[in-house]
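Notes to accompany the following structure.
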There are 2 protein chains.
Amino acid sequence: MKNYSRQREAILSVISSTDTHPTADWIYTEVRKLIPNISLGTVYRNLADLRQSGMVLSVDVGDGKEHFDYDTSPHLHLSCKACGKIIDARLKSDPIASLSEDYGFVPEIPVYVVRGYCAACKSNSLNPQ
Amino acid sequence: MKNYSRQREAILSVISSTDTHPTADWIYTEVRKLIPNISLGTVYRNLADLRQSGMVLSVDVGDGKEHFDYDTSPHLHLSCKACGKIIDARLKSDPIASLSEDYGFVPEIPVYVVRGYCAACKSNSLNPQ
DNA sequence: TTTAAAATCAGTAACGATTACTATTTTATT
DNA sequence: AATAAAATAGTAATCGTTACTGATTTTAAA
């Protein structure tokens, strides 16, 4: 991602224009309204670049598709298994306990995923992304 | 999942025999040591059944594959982006803050996913899985 | 400006995890 | 045992994503 490209700018503008958590395919159809002949591969490649550079966030809610988020500030995603909606939530004291009170959201199974680097790997400075 | 099947029993025994978080493919190769001509489709179908019935847990760490967990008790999964290892962790007071202290684990981006049912859908009793 | 190297592109083929399909076998019930 | 429902093996298809290739665009320097 060394050079400017009109395509990447359009992709970023599409992501920043929504407060949903769009998939690559949705972004593709939207960005084609700006650049009709843009390639799906281009969308995927630029999304990977934007994610790697930290400009957008990758959200995995377990529906088999990668979702993207323009908001990179610390927050939780409440993903509803019924309607698929992804709700942005902010941390307070105990994030788990306050979910029902604050959002009326019932966590299905109290198992959560935290991604990062384990003790063995965090000192290993050759970790990409 | 109304009738007994030797295949499902073998699949469950394979999952229960490890404390890793195996994928369908790993389970397939392992269970073939017990039932050499078992079909990959059978593995997938039974895993879906076991997950639906709550006997195993589905873990999505964002590597494009579904992982399974025999331990259905409340815990977090710390997935290392470098080595792919999935570490089981237990909640204390503030799950986020204590991660570095307790496990030496550095969360990459403080955004977490919680799956469940939103306020609109939780009263809707026709929600599968 | 012209130019050349590097980066990016469009288009398409390939990939891998998962799901769907079908004819056959197994299970539970009579 | 006879029957119907459920589960199977094997294979084909699906779908999100990645890889490839030759053409185009961008950058930086002459």
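Just so it is clear: chains get the letters A, B, ... in the order the sequence lines come, proteins before strands, and each one is counted from 1.
- Counting any heavy atom pair closer than 4.0 Å across all strands shown, A:R6 reaches no nucleic acid atom.
- Note: CD1 (B:I27) to C1' (C:dA17) measures 13 Å, nearest angstrom.
- Under the 3.5 Å distance criterion, the side-chain polar atoms of B:H67 are matched with a main-chain donor or acceptor of B:H21.
- Here D:dA7 is the nucleotide among C:dA10, D:dA7, C:dA17 with the atom lying nearest to any side-chain atom of B:R8.
- Taking atom CZ on B:F68 and atom P on C:dA17, their separation rounds to 13 Å, with Å as the unit.
- For B:N46, a side-chain nitrogen or oxygen approaches OP1 or OP2 of D:dT8 to under 4.0 Å.
- Taking the centre and axis of the six-membered ring of B:Y28, the NZ or CZ atom of B:R32 falls inside the cone set by 45° and 6.0 Å.
- B:L40 comes within 4.0 angstrom of a nucleotide base, judged by non-hydrogen atoms across all strands.
- One interatomic measurement links the two molecules: NZ of B:K65 to P of C:dG16, which rounds to 10 Å at whole-angstrom precision.
- In this structure, CZ of B:R32 is placed 13 Å from C1' of D:dG10, rounded to the nearest angstrom.
- Position along DNA chain C of the nearest nucleotide to B:Y44 versus A:Q7 favours A:Q7 as the more 5'-ward residue.
- Atom CD1 in B:I38 sits about 5 Å away from atom P in D:dA9, given to the nearest Å.
- Protein atom CD1 of B:I11 is 11 Å distant from nucleotide atom C1' of D:dT8, rounded to whole Å.
- For the pair A:T18 (side chain) and A:I15 (backbone), a donor-acceptor distance under 3.5 Å is absent.
- Looking at A:D25 and A:K65, their side chains never come closer than 4.5 Å, going by heavy atoms from C-beta outward.
- Taking atom CH2 of A:W26 as the reference point, atom P of D:dG16 lies 16 Å away to the nearest angstrom.
- Heavy-atom nearest nucleotides on DNA chain C were determined for A:N37 and for B:A24, and the one closer to the 5' end corresponds to A:N37.
- For C:dA10, one of the phosphate oxygens OP1 or OP2 lies less than 4.0 angstrom from a side-chain nitrogen or oxygen of A:T42.
- Residue B:R45 places none of its side-chain N or O atoms closer than 4.0 Å to OP1 or OP2 of D:dA7.
- The shortest distance between side-chain heavy atoms of A:L12 and A:V56 falls below 4.5 Å.
- The phosphate of C:dT26 has neither OP1 nor OP2 within less than 4.0 Å of any side-chain N or O from B:S5.
- Look at CG on B:N3: it is 7 Å from P on D:dA6, rounded to the nearest Å.
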